[in-house]
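Structure first, then comments.
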Amino acid sequence: MGLLLVSCNKKLDVKPQDSISPDQVKTEADVTALLFGTYDGLQYYRAYGEQYQLISDLIANEDDISFVGTFADYKLVTSRQQNRTSIIAEGIWQNGFEIINKINIVLSKLDLVADDNKAAVGAEAKCIRAIIYYMLSGFYGKPYSDGNLTTNLTVPLVVDPIISTGEIDKAYVARATVQDMYTQIETDLKAAIDGLPEDNGTRANKYTAYAYLARLYMAEAKYTAAATAANEIIEKGPYSLTTSYAGAFNNASNSSEDIFAIQQTEQSNTGVANNGIITMYNAYPDGRGDAQVNVAHLDLYEGDDERGKFFYNGSSIAGKSGIYTTKYSTKYKVVPIVRLAEIYLTRGEANLRGGVQIGSSTPLEDINTIRERSGASTLLTVTGDDFVTERYRELAFEGDKFWTKKRLKLNIGSLAYDNDQFVLPIPERETDVNKLLEQNNGY
């Protein structure tokens with residue numbers, strides 16, 4: 001299991017891009033340095049810097065994109081032939097558990113934090129832990145909608161810090177059930193909501209926690225709860241939709257609708273050579289251009305819909321011509337992770353499916369708020385299927401389709417939502433050292 005056990009030569013300044021080894025955590029500044037360092041892990045291409053979105057899109061692909069690059073492991077995921085030695089499966093797992101261990105160390109060192117700061121530091125840590133466990137459980141386990149909550153497995157639920165190699169056995173635990181994992185995620189997110197400020201700069205804040213709680217409740221089909229969490233953001237948060245769809249992307253700093261986003265600069269970014277979401281989705285020469293948009297995807301959009309025009313022609317590093325999304329067309333810009341547009345669609349869909357009315361707008365008004373921003377026609381009536389298709393349009397290439405398909409038990413192509421091919425293998429290097437880990441079916 002990937003854990004932070006490597007010592008550094010010296011302590012580092014408290015900055016988001018810095019890290020600190022566990023044995024060096026002696027002061028409040030050290031605790032916050034370790035906490036802030038987890039954002040490096042979130043920015044890394046094995047997380048929200050690329051693979052959380054791209055791998056989700058490749059797994060749930062229905063002729064939306066083509067991977068035209070030469071990287072063998074990506075091609076295997078594209079054809080759903082990944083195996084237990086997959087570098088992608090291993091990297092997402094390792095990076096995730098490195099972040100989790102840093103968080104667990106932070107939580108174990110809260111006694112070093114001043115009383116005025118302790119609640120916020122602990123809450124931010126729990127928010128990040130919940131985010132990582134939510135993503136890992138989705139990649140390596142069957143969805144909540146599959147049922148069998150007390151027998152279906154996700155990933156090991158490790159909440160104790162591992163500070164030295166002598167404690168590594170604490171990481172060698174069995175995989176948690178879906179029920180236990182979702183309970184832990186919910187507990188962490190509720191604690192984060194209670195302790196986080198509404199404004200936390202570009203880091204996770206109270207509304208970030210509400211957003212992931214809404215995602216969790218949607219996965220569980222707890223629609224009243226999902227609508228309530230989404231409504232907290234819409235009616236109490238400081239966010240507003242950008243005037244145009246294009247305005248939500250390629251920004252130097254968070255846009256007005258970014259609830260959570262990955263920050264980038266020339267010095268600190270998701271990758272500019274072989275990895276990173278902008279590298280993969282951006283045409284050559286600014287990117288590799290390995291992820292191209294298929295013509296079939298364009299059929300989702302009406303003629304006047306700005307979203308259907310948010311593409312450009314280019315070619316890959318290997319010289320293959322194709323279509324590219326403009327969402328990731330500029331280096332070193334913010335990568336949106338949770339946008340207010342998603343939250344409107346979540347509230348509307350949750351209200352519709354739950355038969356409730358949380359907030360000041362009806363489901364029809366919520367979906368039209370998103371459609372009208374992009375110049376799409378105004379709907380006169382709305383169904384659950386309308387919300388699904390709207391998510392495909394609005395959140396295309398942001399990794400959402402994978403989660404929407406699974407929570408609603410929708411086929412991906414000709415295969416059922418819970419097909420074994422849609423779950424990543426437990427990395428072989430992990431099952432070799434932790435004999436308590438059960439491998440997923442099909443691997």
Side-chain angles (χ1 to χ4, degrees), residues 14-19 28 31-44 46-49 52-53 95-107 109-110 113 116-138 159 184-217 229-230 232-234 236-239 251 253-265 268 270 334-343 346 398-399 403:
V14 183
K15 296 178 182 177
Q17 68 269 26
D18 292 336
S19 62
E28 178 173 350
V31 175
T32 53
L34 193 58
L35 173 63
F36 295 168
T38 62
Y39 288 89
D40 274 351
L42 289 169
Q43 182 196 63
Y44 193 43
R46 300 214 183 268
Y48 280 123
Y52 280 3
Q53 301 94 312
N95 184 63
F97 278 103
E98 285 177 355
I99 296 172
I100 287 167
N101 194 50
K102 290 179 182 180
I103 291 300
N104 290 340
I105 294 169
V106 168
L107 292 171
K109 299 289 186 178
L110 288 180
V113 179
D116 289 348
N117 302 326
K118 189 173 297 184
V121 170
E124 187 171 355
K126 289 182 178 180
C127 185
I128 294 170
R129 184 169 68 182
I131 291 171
I132 298 299
Y133 268 132
Y134 177 75
M135 297 302 297
L136 293 182
S137 64
V159 295
Q184 181 64 52
I185 294 170
E186 181 178 12
T187 298
D188 277 352
L189 289 174
K190 286 182 174 179
I193 289 169
D194 288 341
L196 276 169
E198 296 186 9
D199 184 358
N200 202 24
T202 58
R203 306 198 315 275
N205 61 26
K206 184 185 297 289
Y207 297 110
T208 306
Y210 270 123
Y212 278 91
L213 191 61
R215 287 182 175 184
L216 185 78
Y217 286 145
E232 286 290 320
I233 301 169
I234 294 170
K236 297 181 182 179
Y239 310 102
N251 295 303
S253 58
N254 283 3
S255 77
S256 62
E257 71 177 81
D258 283 328
I259 299 164
F260 192 53
I262 297 300
Q263 310 301 309
Q264 293 197 94
T265 65
S268 178
T270 64
V334 167
V335 178
I337 303 303
V338 184
R339 296 189 289 115
L340 184 63
E342 174 193 338
I343 304 305
T346 293
E398 297 178 52
W403 304 91

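In this chain, residues are counted from 1 in sequence order. Just so we're clear, the structure is a prediction, and the values are computed from it rather than from any experiment.
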Original post:
Salt-bridged, Lys206 to Glu232, with N to O below 4.0 Å?
Top reply: no
Tell me, with the steps shown, if Tyr48 and Val335 meet side-chain contact (heavy atoms from CB on, under 4.5 Å). CA-CA 8 Å; Tyr48 280 123; Val335 178; over 6 Å; no
Does any non-hydrogen side-chain atom of Glu28 lie less than 4.5 Å from one of Val121? no
Between Ala261 and Val334, the two heavy atoms sitting closest are CB-CG1, 3.4 Å
When rounded to the nearest 0.5 Å, the distance separating CD1 of Ile193 from OG1 of Thr208 is 10.0 Å
| So do the side chains of Ile131 and Tyr52 get within less than 4.5 Å of each other, counting heavy atoms only? | no
Asp188 and Tyr212, any side-chain heavy atoms less than 4.5 Å apart
no
(request) Check whether any side-chain heavy atom of Tyr210 sits under 4.5 Å from a side-chain heavy atom of Ile343, and report yes or no. (result) no
Report the C-alpha separation of Asn205 and Glu198 in whole Å, then their side-chain angles, then the decisive distance to 0.1 Å, and conclude whether the side-chain contact (heavy atoms from CB on, under 4.5 Å) test is met. CA-CA 6 Å; Asn205 61 26; Glu198 296 186 9; over 6 Å; no
In this structure, CG of Leu216 is separated from CD of Glu186 (nearest 0.5 Å) by 6.0 Å
ask   = Side chains of Tyr239 and Arg339: does their closest heavy-atom pair fall under 4.5 Å?
value = no
d(Gln263 CD, Leu42 CG) to nearest 0.5 Å is 11.5 Å
Correct closest heavy-atom pair for Asp258 and Ser255 would be OD2-N, 2.9 Å
Any heavy-atom pair between the side chains of Ile100 and Leu136 that's under 4.5 Å? yes
One should read off an interatomic distance between Asn254 CG and Ile262 CD1, to the nearest 0.5 angstrom, of 10.0 Å
For the backbone of Phe97 and the side chain of Asn95, can you confirm whether one donor and one acceptor N or O come within less than 3.5 Å of each other?
no
Rounded to the nearest 0.5 Å, the CG atom of Asn200 sits from the CZ atom of Phe260 at a distance of 10.0 Å
Between Ala230 and Ala214, the two heavy atoms sitting closest are N-CB, 4.2 Å
query: Should Ile128 and Tyr39 count as side-chain neighbours, where that means a heavy-atom distance under 4.5 Å?
result: yes
Shortest non-hydrogen pair, Val106 vs Ala125, comes out as CG1-CB, 4.1 Å
Handout entry: Audit row: Ile103, Leu35, side-chain contact (heavy atoms from CB on, under 4.5 Å) steps and yes/no
Key = CA-CA 7 Å; Ile103 291 300; Leu35 173 63; 4.0 Å; yes
- request: Could you tell me whether Lys102 and Glu98 make a salt bridge, using a distance below 4.0 angstrom between a side-chain N and a carboxylate O?
  value: no
Measuring only between side-chain heavy atoms, which start at C-beta, is Val159 closer than 4.5 Å to Arg129?
yes
One should read off an interatomic distance between Lys109 NZ and Leu34 CG, to the nearest 0.5 angstrom, of 10.0 Å
Verdict with reasoning, Leu196 to Lys126, per side-chain contact (heavy atoms from CB on, under 4.5 Å):
CA-CA 10 Å; Leu196 276 169; Lys126 289 182 178 180; over 6 Å; no
Of all heavy-atom pairs linking Ile132 and Gly96, the shortest is CG2-O, 3.6 Å
For Cys127 and Ala192, the nearest pair of non-hydrogen atoms, with its separation, is CB-CB, 3.7 Å
Notebook entry, point to check: Where does the angle between the aromatic ring planes of Tyr134 and Trp403 fall among parallel (under 30°), tilted (30 to 60°) and perpendicular (over 60°)?
Noted result: parallel
